[in-house]
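Side chains included, hydrogens not; waters and symmetry mates left out as well; all remaining heavy atoms used. Numbered from 1 within each chain, the chains take letters A, B, ... in sequence-line order.
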2 protein chains.
Amino acid sequence: MSEQTEPIRASGSVVLDETDRLLLAHLGRDGRASYADIGLLANLSATAVRRRIDRLRSRGVVRGFTVVLDPEVLGWQTEAFVEIYCRERTAPEEILASLRQFAEVVAAWTVTGDPDALVHLRAADTRHLEAVIERIRREPGVQRSRSSVVLSQLIG
Amino acid sequence: MSEQTEPIRASGSVVLDETDRLLLAHLGRDGRASYADIGLLANLSATAVRRRIDRLRSRGVVRGFTVVLDPEVLGWQTEAFVEIYCRERTAPEEILASLRQFAEVVAAWTVTGDPDALVHLRAADTRHLEAVIERIRREPGVQRSRSSVVLSQLIG
DNA sequence: ATTGAAACTCAGCATGT
DNA sequence: ACATGCTGAGTTTCAAT
């Protein structure tokens, strides 16, 4: 008989019931909400809420709590998303590999749908942003691109 | 919009002193830390800490608090981007506010260009993803949406 | 910054499934 | 066993000073 202190994590799939989802959704909206308040939403006592959240922590689902700061104040800069349309016989991976060199590229994904790839940019200002987008458009494998400047980050 | 009730924030003019940075750093690490605990770090009373944080909230520096989830533990590996087209006379902010309730919404931005907003989703699988997108499409202010499933994240 | 009242957290114990 | 509810002591919040 083996002693079991850690909950066994079935590879990658932790099961959440509907109540867990309610609690997490509420905590997502207000990470400092009291357990009693959260409980009102789910018809649970504060104790039950706390136990469920503790369990979610120990299972690693909840990594912690944090403050959400306004991107501008954080010193974040001008952001944009650029959809990349690849030229024939060009793999998006090739293009994105060459985009790696740009510090302005925060993230990039290959996607299904009309465009082949989506690139998340961050630049000092619109001038800087324009220059980066221009360089991306001039990449050999890029047929065309479509840009959206981020006005504000409302979630995330 | 008929009237502008919200003050327009002059860009990037908020100044934080060293104490503010200390408090925010601590709250970043533990968003549920008590004011007294935070105060120990900065040699402030709990009341003083609370007042500073309240001021940071009212200045818009602190947007709120939230829970940090571990997507991998949840087994949520399917990602997508959804472009939202708002119905007439509907502000994207309204829609995105209602999207806050979904734990599957990783991030959301209002953007320039054809769509009004861009939403980053993360779900367990395509089934799960489909359900979330379906719920988003049914939001009152949403006229139409266009989804791209993420094939792979190459940068970021 | 300090005070005091109300609210909250959190352990231990009890109950129902 | 397990998840929840209750109780009470200690802590934290919050408005007033």
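- If you find the closest nucleotide of DNA chain D to B:Asp37 and to A:Val49, the one lying nearer the 5' end belongs to A:Val49.
- A sub-4.0 Å separation between OP1 or OP2 of D:dT12 and a side-chain N or O of B:Ser34 is present.
- Here the P atom of nucleotide D:dT12 and the CD1 atom of B:Ile53 are 14 Å apart, to the nearest Å.
- Between the CG atom of A:Leu56 and the P atom of D:dA3 there is a distance of 11 Å, given to the nearest Å.
- The phosphate of D:dC2 has neither OP1 nor OP2 within less than 4.0 Å of any side-chain N or O from A:Arg55.
- Under a 4.0 Å N-O distance rule, the pair A:Arg52/A:Asp17 qualifies as a salt bridge.
- Nucleotides of DNA chain D nearest to A:Asn43 and A:Arg32 differ in position, and the one nearer the 5' end is that of A:Asn43.
- C:dT9 atom P lies 13 Å from atom CG of B:Asp30, rounded to whole Å.
- You won't find any donor-acceptor pair under 3.5 Å spanning the side chain of B:Thr47 and the base of D:dC14, going by distance alone.
- Annotation: cation-pi geometry not satisfied between B:Arg137 and B:Tyr85 (NZ/CZ under 6.0 angstrom from ring centroid, within 45° of ring axis).
- Between A:Arg50 and C:dT9 there is no side-chain N or O to OP1 or OP2 distance below 4.0 Å.
- In this structure, A:Tyr35 places its OH atom 17 Å from P of D:dT11, rounding to the nearest Å.
- When rounded to the nearest whole Å, the span between CD1 of B:Ile38 and C1' of D:dT12 equals 12 Å.
- A salt bridge links B:Arg122 with B:Glu79; the closest basic N to acidic carboxylate O contact falls under 4.0 Å.
- Residue B:Ser45 has its side chain nearest to C:dT2 when only D:dC14, C:dT2, D:dT4 are considered.
- One finds a salt bridge joining A:Arg146 and B:Glu83 here, because a Lys/Arg side-chain nitrogen approaches an Asp/Glu carboxylate oxygen to under 4.0 Å.
- Residue A:Arg51 places no side-chain N or O under 4.0 Å from the OP1 or OP2 atom of C:dA11.
- Atom CG in A:Leu44 sits roughly 15 Å away from atom C1' in D:dC2 (whole-Å rounding).
- Note: A:Trp109 and B:His120 have perpendicular aromatic rings, judged against thresholds of 30 and 60 degrees for the angle between ring planes.
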